[in-house]
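Atom set for the values below is all heavy atoms of this structure, side chains included, hydrogens, waters and symmetry mates excluded. Chain letters run A, B, ... following the sequence lines, proteins first and then strands; every chain starts at 1.
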Amino acid sequence: MDSRELKAAVLDRISKTIEKVYGNLPETASLVFPPSVALGDFAFECFPLAKQFRKSPTDIADKVAKALETDDLIQKIQAAGPYINIMMNRDVLFGALCKEIMEKESFCSPVTDTPQRIMVEYLSPNTNKPLHLGHLRNGSLGMAVSNLLKACVHKVIKTNLINNRGIHICKSMLAWQQWGNGETPESSGMKGDKFVGKWYVRYAREAEKDPSLENKARQMLKQWEDGDPDIIRLWEMMNSWVYQGFAETYQKFGLQFDKFYYESDTYQLGKDIIDKGLEKGIFHKEIIDENSHGNVVFYLPPEKFGCEKDGQPKKITVLRHDDTSLYMTQDIGTALLKVNDFNLDRSIYVVGSEQVYHFQCLFEILKALGFSWAGGCYHLSYGMVYLPEGKMKSREGKVVDADDLIEEVERLAKEEICKRNIEKPLSEEEIRTRQSVIAMGAIKFYLLRVRSIQDIHFDPQESISFDGFTGPYCQYAYARISGILRNAEEIGISIEDADFTLLGNEEELQLIQKLIQFPDEVGLSVNDLNPARLAVHIFNTAKSFNQFYNKHQVIHAQTKQLAGARLSLIKAAAQVLKKGLALLNIGVLEKM
RNA sequence: GCGCCUGUAGCUCAGCUGGAUAGAGCAACGGACUUCUAAUCCGUAGGUCGCAGGUUCAAAUCCUGCCAGGCGUACCA
C-alpha cells in the first residue's frame, strides 16, 4: 500500500462515518498533518463541514471522532478542537509503506492520466561568450523541470536553442578578424568558448574608442545573411570552437539535450511566416517618416497591452526594414519548427524574467497567426543573479564564469573529502568522483532551493557552503544510511526480522511522515514547475533522518526485531533521498 | 508615466489553492564525539509578516489603496 492509497483509505472511513452521523457525505474532505507527530499521523479538519451541516466544527469533530471505530488501519482516534487526529496501525504505517518504497521503482511518481508531449527549451546560450552563473541557474532549472515532468510520464523533449547568429556574434568575429592574427583555441591553449569570448570583450573595448566598428559589424551581419562565403567560413570556424567548449561544460554539469536548434537554421522560416502574415494583413509594413523606419511590425491588441501615449496601439517590430531578422523573427520561426518536428502539446521556455514582455508578445503573435498550439506555450521565467557588486554584465566582464565556479567548489569539496579520510587516503580516481558529485550537488541545490521567480544574490562564501540547507547536507544523510546498511549486512541484521509495531517514537514518526508526504510534494512541484518545493522537502527528509540518527541506534538497537524495523525505515528514507535528488539532477554517494 | 515582479528574524529564504503556537538555513552565544561517518545533533536569543483599510468564525495568505526596491517598456537578446 503506498502513501496515497493509505490516505485514501483513511479518508474513505472518515467520510463514511460522517455520512452515518449526519446523513450526507462531506462535500470536501482532505487529510492534513498535525503540527506535532505526538498528536497523530493524520488529521481531519472539520471547518468545511461546519457550513454544510450547520454545526460548530468542534461539535462535528467530537461526534465523528466518537463514531469512528478503530480497525486494522486506524489505531486511535481523538478529537482536538475542530480537528480529528488519527493514529495509524504501526504495521501499516511503517511496514507496508517502507516495503512499497523499497520495492516499487515508481513509488514517488504522480503519474498523470493524460500524458503530453512537452518541450522544455533551456540554456539557449549565445555563441559569443562562455557560460556563466546565470546559465547554471537556467540549466539546473531546465533539467529539474524536465525530470519532474518525465516522472509524471509526460514525453519530454529537452531542447537547446543555440543563438549562433546576429549582430552580437558578428562582433566577436570582427574582432578576431581584425586583431586575431590567426590565433586558435589550440594555439593559445584556451577552451573554445573562452577564446571566442575574449574577442567579444576585445570588440567592446575597441568599439568605445572607435564607433565605426558598430557599422562594420552591421555590414558583416548583412554579408552573413547574404551568404558571403568568407564570412560564413569564419563564422563556422568560430562556432565550432564555442560548441566544443560548451560541450565540456554540459558534460561536467550534467546538462543533457535531446535536440539542438540553431537560430541560423530557423530565422529563415521566421521570415517566411512574416511574409505570409504580411500578405494576410496580420503584420504591417510601416510607412517611412520621422517616427518609423519602414519595418514590418505587429500591433499588439490594446485591450491586453494598453496603448502608447498618443493613443495608438503598441507595436512590435518583427522584421527590420533592410530585411534582416531580429530575435522575434527567429523565435517565431523556431516556435513553429518545434511544433512541426515534435507535435507538441506544451512548449516551455526557460528564460530569464527580463524577457517576460518579449514572450508575452511572442505568444500573442503566434495566436494572431492562428496557430492553435499557441496556448500551450509557457515562459518559465527566473530571477536575475546579482553579484555583491551588482548585476552581472558579460560585456564588461562582470560575471561569475561557470567553469571557474565549478572548479572552485570542486577544490573546496576535495579539501573536505581529504580532511575526512586522512587515515586511509583515497585514490585520485575516487577523490575525483566524490568531489564532482558533491560540488555539482552544492551548486545545483543552491540554485534550485529558492523559487525561480526570486532574484538570487550570489554570495560566494555561502554558495559553496556544505552546511545547513545545502545539497551536500542531503547527500551526507544518504551516505550515512549507506554506511549503516553496509554494517548491518556484515553483522547480519535483516529487514526480514522487522517488527514494525516497535516503531513509533517521535523521530521515527517525523521521518515516516516525510516519506508519506513525498509523492504529494513531487506532484505540487510539477504543477507549479517549482523544483524549490522539492528541494525543501528533500532537505526536511534528510534533517528528520539526522535527528533520528543522533538519538537512536539502528544496528545496536535493543532487539533484532527493532533493528530490522529501523533498518527498513532508513532504507526507505535512502530511496526517497536518492530519488528526490535525482529529480533535481543531483547524484548521491555511498561514502563521503 | 505605464506594465510585470518582489517586500516575512541581523542576512538568505520557506510558508501565499485562507485554518492548530509564523518556520528553516546562515551568522551569534551555550552544550553533545570511548557509541552505526560531528559535512551531524540539542539548546538560547532573534519577527508591528512593507504601511493602511476591507472581506471572513479565522488573513503572512484573498480584495483595494499607498510606500520602497528590481526588471521591462522592442529597428538588443
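Between A:Lys551 and A:Glu508 there is no salt bridge, since no side-chain nitrogen of the basic residue lies less than 4.0 Å from a carboxylate oxygen of the acidic one. At a threshold of 4.0 Å, the pair A:Lys7-A:Asp520 counts as salt-bridged, since one of the basic side-chain nitrogens sits closer than that to a carboxylate oxygen. Between A:Glu408 and A:Arg411 there is a salt bridge, since at least one side-chain N of the basic residue sits less than 4.0 Å from a carboxylate O of the acidic one.
Atom-to-atom, CG of A:Leu577 to C1' of B:rU40 comes out at 14 Å; the value is rounded to the nearest Å. Spacing between atom CG of A:Asn550 and atom P of B:rC36 amounts to 12 Å, rounded to whole angstrom units. Computed from coordinates, the A:Leu362 CG to B:rG72 P distance equals 18 Å when rounded to whole Å. Between A:Ile422 atom CD1 and B:rA38 atom P there is a gap of 15 Å when expressed in whole angstrom units. Computed from coordinates, the A:Ile570 CD1 to B:rC36 P distance equals 14 Å when rounded to whole Å. The separation between A:Lys171 atom NZ and B:rC76 atom C1' is 8 Å, rounded to whole Å. Whole-Å rounding puts the A:Ile60 CD1 to B:rC57 C1' distance at 13 Å. For A:Met592 and B:rA38, the CE to P distance is 13 Å, given to the nearest whole Å.
No engagement by A:Ile169 is indicated, since no non-hydrogen atom pair under 4.0 Å with the nucleic acid exists. Backbone-only contact: A:Leu326 has heavy atoms under 4.0 Å from sugar-phosphate atoms and none from a base. As judged by a 4.0 angstrom heavy-atom cut-off over every strand, A:Ala50 is placed among residues making no nucleic acid contact. In this structure, A:Leu319 reaches neither bases nor backbone, as no heavy-atom distance under 4.0 Å exists between it and the strands shown. Residue contacts for A:His168: at a heavy-atom cut-off of 4.0 Å it reaches the sugar-phosphate backbone alone, with no base atom in range.
Seen from the ring of A:Phe545, A:Arg480 does not count as a face-on cation partner, given the 6.0 Å and 45° thresholds. Within the cation-pi definition used here (under 6.0 Å to the ring centroid, within 45° of the axis), A:Arg165 does not qualify as a partner of A:Tyr262.
A:Ser482 pairs in a side chain to side chain donor-acceptor pair (under 3.5 Å) with only one of the listed residues (A:Glu590, A:Lys571, A:Lys578), which is A:Glu590. Screening A:His537, A:Arg533, A:Lys514 against A:Glu521 for a side chain to side chain donor-acceptor pair (under 3.5 Å) leaves a single residue, A:Arg533.
Nucleotides B:rA24 and B:rU56, compared at atom C1', are 30 Å apart to the nearest Å. Separation of the C1' atoms belonging to B:rA45 and B:rU6 is 29 Å when rounded to the nearest angstrom. Here, B:rA28 and B:rG69 have their C1' atoms 28 Å apart, quoted to the whole Å. Atom C1' of B:rU64 sits at a distance of 48 Å from the matching atom of B:rC41, rounded to the whole Å. Comparing B:rC66 with B:rG10, their C1' atoms sit 28 Å apart, to the nearest whole Å. Here, B:rA60 and B:rG7 have their P atoms 15 Å apart, quoted to the whole Å. Here, B:rC63 and B:rC16 have their P atoms 15 Å apart, quoted to the whole Å. Remark: the separation of the C1' atoms in B:rA68 and B:rA22 is 23 Å, to the nearest Å.
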**Study point:** Base-pair map of RNA chain B as dot-bracket, where | denotes pairing with a different strand and pairs are Watson-Crick or G-U under 3.5 Å
**Key:** (((((((..((((.....[...)))).(((((.......))))).....(((((..]....))))))))))))....
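Applying the 4.0 Å criterion to OP1 and OP2 of B:rA38, one finds that A:Arg480 has a side-chain N or O inside that range. Between A:Tyr473 and B:rC41 there is a side-chain N or O to OP1 or OP2 distance below 4.0 Å. In terms of phosphate contacts, A:Asn487 brings a side-chain nitrogen or oxygen within less than 4.0 Å of OP1 or OP2 of B:rU37.
Looking at heavy atoms from C-beta onward, A:Arg566 lies in side-chain contact with A:Leu503 at the 4.5 angstrom threshold.
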Check your understanding: Please walk me through it: do A:Glu416 and A:Lys419 pass salt bridge (Lys or Arg N to Asp or Glu O under 4.0 Å)?
Key -> CA-CA 5 Å; A:Glu416 284 288 326; A:Lys419 208 158 74 188; 3.1 Å; yes
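Judged purely by distance below 3.5 Å, without hydrogens or angles, the side chains of A:Gln330 and A:Glu263 pair a donor atom with an acceptor atom.
Ring pair A:Tyr327/A:Phe359 is perpendicular by interplanar angle, where above 60° counts as perpendicular and below 30° as parallel. The aromatic rings of A:His457 and A:Tyr386 lie parallel to each other, with less than 30° between the two planes, well short of the 60° mark. By the 30° and 60° cut-offs, the orientation of the rings of A:Phe363 relative to A:Tyr349 is tilted.
The side chain of A:Tyr357 has B:rG72 as its nearest neighbour among B:rG72, B:rU37, B:rG70.
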Listed pairs, N/O of protein and of nucleotides 12-23 of chain B, under 3.5 Å:
{"from": "B:rC13", "atom 1": "OP1", "to": "A:Asp455", "atom 2": "O", "distance (Å)": "3.0"}
{"from": "B:rA14", "atom 1": "OP1", "to": "A:Arg451", "atom 2": "N", "distance (Å)": "3.1"}
{"from": "B:rA14", "atom 1": "OP1", "to": "A:Arg451", "atom 2": "NH1", "distance (Å)": "2.8"}
{"from": "B:rA14", "atom 1": "OP2", "to": "A:Arg451", "atom 2": "NH1", "distance (Å)": "2.9"}
{"from": "B:rA14", "atom 1": "OP2", "to": "A:Gln454", "atom 2": "NE2", "distance (Å)": "3.2"}
{"from": "B:rG19", "atom 1": "O2'", "to": "A:Tyr83", "atom 2": "OH", "distance (Å)": "2.0"}
{"from": "B:rA20", "atom 1": "N6", "to": "A:Asn85", "atom 2": "OD1", "distance (Å)": "3.0"}
{"from": "B:rA20", "atom 1": "N1", "to": "A:Asn85", "atom 2": "OD1", "distance (Å)": "3.3"}
{"from": "B:rA20", "atom 1": "N1", "to": "A:Asn85", "atom 2": "ND2", "distance (Å)": "3.4"}

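Contact check of residues 537-549 of chain A against RNA chain B (heavy atom, cut-off under 4.0 Å) returns A:Phe539, A:Lys543, A:Asn546, A:Gln547, A:Tyr549.
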